[in-house]
Amino acid sequence: GNSSDGDSSSNVSKSNTDNDKSGKKVVIGFSAPAADHGWMGAITKAAVAQAKQYDDVTLKVAEGTNDVNLQISQVETFINDKVDAIVLLPFDGAAMTAVARKAMDAGITVINVDREFDSPFAARTTVLGDNYGMGVSAGTFVCDDAKGASGKKVAEIAGIDSLPLTQERSKGFADALKKCGLKVDNRVAAEFTVESGEKAASNLLQAAPKIDYLWNHDDDQGVGVLAAIKNADRDEFVMIGGAGSANVMRDIKSDNTVLKATVIYPSTQAADGIKLARLLVQGKSMSDLSEIEVPRQLKLAAPVVTKDNVDTYIKSAFES
Amino acid sequence: MSASLQNDPSLTTPAPARGDRSGNLGIARNLGLVIALIVLCIVGVITAGDRFASTDNMLTILRLAAVIGVVSIGMTFVITGGGIDLSVGAIVALASIWATTTGTQAMADDFGWIAMVFSAVLVGTACGVINGVLIAYGKVVPFIATLAMLASARGLAEIIADRKTQIIRNQGFTDFFGAEPLGIPVIVIIFALVTLAGWFLLNRTTFGRRTFAVGGNPEAARLAGIKVQRHTVYLYALLGSTCGIAAVMLMSRTTTGSSTHGTLYELDAIAAVVIGGTLLSGGRGTVVGTLFGVLIFTTLTNVFTLNNLSTSAQAVAKGVIIVIAVLLQQRIANRKT
Amino acid sequence: MSASLQNDPSLTTPAPARGDRSGNLGIARNLGLVIALIVLCIVGVITAGDRFASTDNMLTILRLAAVIGVVSIGMTFVITGGGIDLSVGAIVALASIWATTTGTQAMADDFGWIAMVFSAVLVGTACGVINGVLIAYGKVVPFIATLAMLASARGLAEIIADRKTQIIRNQGFTDFFGAEPLGIPVIVIIFALVTLAGWFLLNRTTFGRRTFAVGGNPEAARLAGIKVQRHTVYLYALLGSTCGIAAVMLMSRTTTGSSTHGTLYELDAIAAVVIGGTLLSGGRGTVVGTLFGVLIFTTLTNVFTLNNLSTSAQAVAKGVIIVIAVLLQQRIANRKT
Amino acid sequence: MTPPLLEMRGIVKEFPGVRALDGVDLVVRSGEVHCLLGQNGAGKSTLIKILSGAHGVDAGSILWEGEPVTFADPQASLATGIATIYQELDLIDGLSVADNIFLGHERARGGITRDSDMNRAARELLGRLGHAEIRPTREVGSLSAAGKQIVSMARALSRNARVIVMDEPSAVLDPDEVDGLSTVVADLRSSGAAIIYISHRLEEIRRIGDRLTVLKDGRTVATDLPARDTPTSELITLMTGRTVSSVFPRRTVELADADPLLSVDSITRDGEFEDVSFDVRPGEIVGFAGLVGAGRSEIIETVYGARRAARGSVSVGGRPLRNGSVASAVNAGLGLCPEERKSQGLVLDDAVYRNISLASLARFSQYGVSLDGAERRAAHEAARSVDVRPDDPHRIIRTLSGGNQQKVVLARWLLRSCKVLLLDEPTRGVDVGARAEIYALIRDLADSGVALVIVSSDIDEVLGLSDRVLVVADGRVVHEGPSDAIDASGVLDRILAEHDSTTPEQPATDKKGNAA
Ligand SMILES: Nc1ncnc2c1ncn2[C@@H]1O[C@H](COP(=O)(O)OP(=O)(O)OP(=O)(O)O)[C@@H](O)[C@H]1O
Ligand SMILES: Nc1ncnc2c1ncn2[C@@H]1O[C@H](COP(=O)(O)OP(=O)(O)OP(=O)(O)O)[C@@H](O)[C@H]1O
Ligand SMILES: [Mg+2]
Ligand SMILES: [Mg+2]
């Protein structure tokens, strides 16, 4: 993310329908975990940028936090403020369910983003990235590339291990590998940050003298992983990224690193959340669909980006 | 003299409240905090008007303060006793997990939700005892002993929960702690009770007196016939049990137990205690001060949220405000003496 | 007696090495650490064989130790001087961001990469000075002052970087710090130099002697005609500059500057220093001990990863091992006296 | 005539709550030993702290050779040529003896210390003080009070100042050491330096001093008195405003020959003391005489369980105590008034009454809830009985004068009604008037059936108070007998005899040395 002007407006989408015409004023509260890594930072930025597109939307952004207790009180504050809608990316979906329900009961439209509540009544609509799917996509890519050759060594650098989403990604990856008789030989967890990626990778590369495939859950920590790979000058394997940052897409495009592909995990989820919140409050529908009502759940796909299709995705990629 | 603040505070700082009783000094000490809090509230009203001043918002602040508040009260004892505990957050996590395992919840279905409360407090106390024994008898530096507990407890919590968030099914539990008799949330009531009990224990009982002595001059306490080591264990056990209570409160708030609960509580709690006027070097502590410390921090966050500042800006502002508050307090206390 | 360990160690613990000079005690003190490290290595060899014993792996361990190591050396001075600094991680982040802004990088293109190094160290030192002044002259408790700096510095870093990871384009920079003269990575060499300098400064100069005095008994130091406040500022400035150096090393490792760099360095550094035998209450500190402390922690993680343990298991094991190591050390030190 | 070397005029110092100095004048000429007298809390230490730049001054002026000077900080004073030995030892435990001596003016080239240089110089200074046995590389923390006192003196000498201030240097020293001290002071004087000397021991002042100034309640009540031939009674009246009979109260009730209450059976701690046995009957006072470092403190600390005995046993009323357990000693009714008030006795940042009641908390509580009123009243009572000044139970100990702090420690143990009371240097730094009252109290305790053990470096005090005296030298009891059958010189002879029979170097010190 060197280019400071590479701002997130590239992530703002228009539906070129009368839906974008301004309507009744909408106050939306937004709360997300601490932006302690690139993707989460991008999420917030995209949401803010999206809201700026509409002159009828006022967005209240609460302090990003990893303390559920604090995030709950932020939602409580939104309820006190009687906002029209809340776009909520919970630090922990289950933990935020109760308060989200309270908001719904108070007649506020709650949009659940990325980390799912454990009750259908807690949100009007849920926008999800497909974490399990991410793992599957990465695993399938490996299988296809390995062309059935067995005995390939596969390594994995996960994100924050204590998050459910990390568990899902790893599960998807393992399941997909199983299909072609491969398994994860070495696994380390980082913290989604460049530094932690570098640390974890340096140790991993020692632990595994020879690797054929390496999946790294997050492209921001991936910058560190690549640095570590360079420090250890290793290049005998193919690396797959995750989330799909602009840096990584450029690397894939230029094709001069071990990084050959990345699995997109949309950083526009919150932005979409804002869009939907506005539509719902204004009683509009998603005119792109024949369905009149905004659907209850959107699961965004987790496509694999390679040299061949990078150009189609690079413009919507986030600057980590 | 930084050093002196660590070793021999009274050389630079005006003697802070030894107990909350000790006459004008005590007031002078807390006066700074009171003013800081009032200023904060004024800012809140100016910037957010009724959105800040509303009863709902006040209750929101108190609810937020309750959990970390209970931990901070316990922390006040340990720090006054000359120790420190970095493992509080991890203990909260472990307790919340332990109290929400399928096993415990099954028990709760038979014996009522009290079983969950019981096991949470029990686990918390147990961890505290381990800390205390390592420190008092094993002579491990508190910082290291509790750092080790921090790592172990969280790790254990993750293993037990298999990193899954454990949802509480027991309706009785959520109903009881979710209730709001006379419009006051139960967890706020718990916070109030714990604070009162803490104040009484520290300022009106021999236990409290021993705590001051042990923190102020352990050797003198020992020669005066106080069982310093045993008392140290009690102090950490006490903190552990407050962590257990905090875990229960957090469980009721989130309707879950999770290995990620209580992240960074150690910093928040210690900060609240120290800003309250308790000395990290031990021998002086004030429960009332801690209460103010907690309220100041939570109100700060609340005011920020109401004015939706960007997260980064909030961080910067927070830092600056803390320093200003403390400097202000210094001046006032100095004037008073 | 936890308390006594906080207040007056010599009552309970065998007087630890004041400097690394002071005879057999010094050795006894570090002997525990040496043994702990050796045991770790043996475990490493048994469980991971050549994967552990290889030169590559040794270099990996040293590379990992280097960054936090440099910070820990600086931290040794502040803690020996009776202070504490929670803001080191944030300072590293801010320095790394500052040194990699498009502005600085443009400068680097004109004046060479030294411009980046220079600005990183400058920013670090500046932050340190602010800490020092707040603590020494503003009389803000070190814990609070540096906690505020932690919040502000990270927030500022995020604002400057707009939360983006700033990639270093300057080839000269990456080449220089990436180099490995005689197979030894430059950053490892830097670590070695900083350690040597630190040892010399603490044990062979009046500055070091006064650091012990200021930490051990600030009032006595003042009466002896030492400018305690100014010295305190120097100590935090020193730590700040080492943070700047660490930032440069981290930048070269990751080829980036980021507001997330240095997360939780405060805990790691303090832990390394304390386990090394420096007293949190000030007055006694050892650079060699800190070096061992850092190596032990890094080797631990390395061995874990080689055996690819789950993160949770690692946490639990880490906690247990730390305690055992310290207890072991206690016994040895006690036997020696 | 040339102006006096140093002149302090109308010095005023206010502390929150007290006016410590209220217009004090002091004139010191070069080549004289000027003694400063006054009750505890009179303002002596405060005055010299102002002179040394440790405290700022609220009003008044300081003239140096007639020129007005201001001492903003200790440096200024040191630079002018004033070195101070403070009453509360001001050394850094973690640093070596040499480092402490040269702290602030280290021998260094370009910031790099020259340790061998400093060690040599330190050895030479300590030699001058007759304590060559204290090794310059030894950690100061491992020295006893006396050892530290010596080091502080060496440090003052190292500054070769023109005025050397000594605030109660002899408080922790025994007669032997005091002789050494007086010779040192003599050469200093003859070398043209001026010495300001503070002490509560009048006989000492007669020996060492030339002129004296008396302070009372922060005012100069008399100055320019000849130190040698001003009658004691006059001095005491000047200081206290009343007449005090400093003679030791004779016992009134006859000592019943009951079974021993405390019996110590051949306890030993290697390197400190060997095979010490003694009994104390109810109502009896047993005194321990000896030179500093003899190990008397170690002995009674071991009896109290604060140190674990290697061999031997202690029993109270026939029931043996658990070795190394203060708790069991306290339960059996023992009390120890420790030697070092700061490190072992006081919670400095706590109030006077809370310090006094610390050992009796159980007595002032019901079901663990403290009965604050009763506690404060009783503590205040005890404080009055030993005459703690100012008479304010809420004062923070740190703000009390040295002697008054000592009284607080003593009061703690008078309040706790013990069956056996061990007193280590009970009157260290206490002024003449208060001392007499304390002697009376001790006597009353004994008469009421309490068994007492008293350790003191003031041999007359030991002999005067106790029924039986044990003379300790190098950790061995070299004499035991009724105290009226021996006099001070007799005690010293016994000790010296012991010393001659052993090596000249203090064995105790030597052992400590190896330990450090
Ligand atoms: N830091 C302080 N704060 C408040 N009061 C103080 C402080 N230092 C001394 N005082 C008060 O000043 C008065 C004089 O104290 P000072 O120590 O000078 O007495 P002193 O003559 O040295 O007594 P002693 O013979 O016991 O040493 C005492 O009443 C004491 O309580
Ligand atoms: N003047 C001194 N120089 C060096 N070391 C000393 C000196 N005085 C005491 N020590 C050390 O301290 C130890 C105990 O001394 P301490 O003063 O407690 O003995 P003591 O007989 O109780 O003397 P007192 O109670 O009169 O101070 C001795 O074993 C000795 O090693
Ligand atoms: Mg005095
Ligand atoms: Mg003694």
Side-chain angles (χ1 to χ4, degrees), chain B residues 1-8 11-13 81-84 86 134-136 138-145 147-152 154-156 158-159 163 214-215 217-219 222 228-229 232 267 270-271 274-275 280-282 311-316 318-320 322-323 326-327 330, chain C residues 1-8 11-13 81-84 132 134-136 138-145 147-152 154-156 158-159 163 214-215 217-219 222 228-229 232 267 270-271 274-275 280-282 311-316 318-320 322-323 326-327 330:
Chain B
M1 287 168 283
S2 86
S4 65
L5 279 168
Q6 285 273 317
N7 310 11
D8 190 351
L11 290 173
T12 52
T13 44
I84 188 109
L86 301 178
L134 281 175
I135 291 162
K139 297 196 167 57
V140 182
V141 196
F143 187 94
I144 294 296
L147 187 71
M149 175 59 77
L150 160 63
S152 315
R154 234 182 239 296
L156 189 57
E158 287 171 6
I159 293 172
R163 295 224 189 68
V214 167
N217 185 345
E219 180 62 3
R222 188 174 74 100
V228 175
Q229 291 171 300
T232 304
L267 274 191
I270 299 174
V274 173
I275 254 205
L280 269 177
S281 47
T311 316
S312 317
Q314 287 193 21
V316 177
K318 199 167 193 165
V320 176
I322 292 176
V323 168
V326 174
L327 288 175
Q330 298 273 351
Chain C
M1 284 166 284
S2 85
S4 64
L5 279 166
Q6 286 272 320
N7 308 12
D8 186 350
L11 290 176
T12 51
T13 48
I84 188 110
L134 281 175
I135 291 162
K139 297 193 169 54
V140 182
V141 195
F143 187 94
I144 295 295
L147 187 69
M149 174 60 76
L150 160 62
S152 315
R154 238 186 235 295
L156 188 57
E158 286 172 4
I159 292 173
R163 289 231 193 69
V214 168
N217 184 345
E219 180 58 5
R222 188 177 76 91
V228 175
Q229 292 171 300
T232 304
L267 275 190
I270 299 174
V274 173
I275 246 199
L280 266 178
S281 47
T311 347
S312 317
Q314 285 195 21
V316 177
K318 196 168 185 171
V320 176
I322 292 175
V323 168
V326 175
L327 288 176
Q330 298 272 351

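Letters A, B, ... are given to chains in the order of the sequence lines, protein chains preceding strands, and every chain is numbered from 1.
If you measure heavy-atom distances from C/I270 to chain B, the contacts under 4.5 Å come from both the backbone and the side chain.
Taking 4.5 Å as the limit, some side-chain heavy atom of C/L280 sits within range of a side-chain heavy atom of C/I84. You'll find the side chain of B/F143 reaches within 4.5 Å of the side chain of C/L267, heavy atoms only. Using a 4.5 Å heavy-atom cutoff, the side chains of B/V141 and C/V326 are not in contact.
Taking chain C as the reference chain and counting heavy-atom pairs below 4.5 Å, the highest number among B/L86, B/I159, B/I322 is found for B/I159. Counting heavy-atom pairs closer than 4.5 Å to chain B, the top-ranked of the candidates C/S152, C/G138, C/A145, C/A148 is C/S152. Interface check for chain B: of the options C/G155, C/S312, C/A313, the most heavy-atom pairs under 4.5 Å are formed by C/S312. Top candidate by heavy-atom pairs under 4.5 Å with chain C, chosen from B/V320, B/L327, B/L150, is B/L327.
The two atoms that bring C/V323 and B/L134 nearest to each other are CG1-CD2, 3.6 Å, heavy atoms only.
The CZ atom of C/R154 sits 14.5 Å away from atom NZ of B/K318, with the distance rounded to the nearest 0.5 Å.
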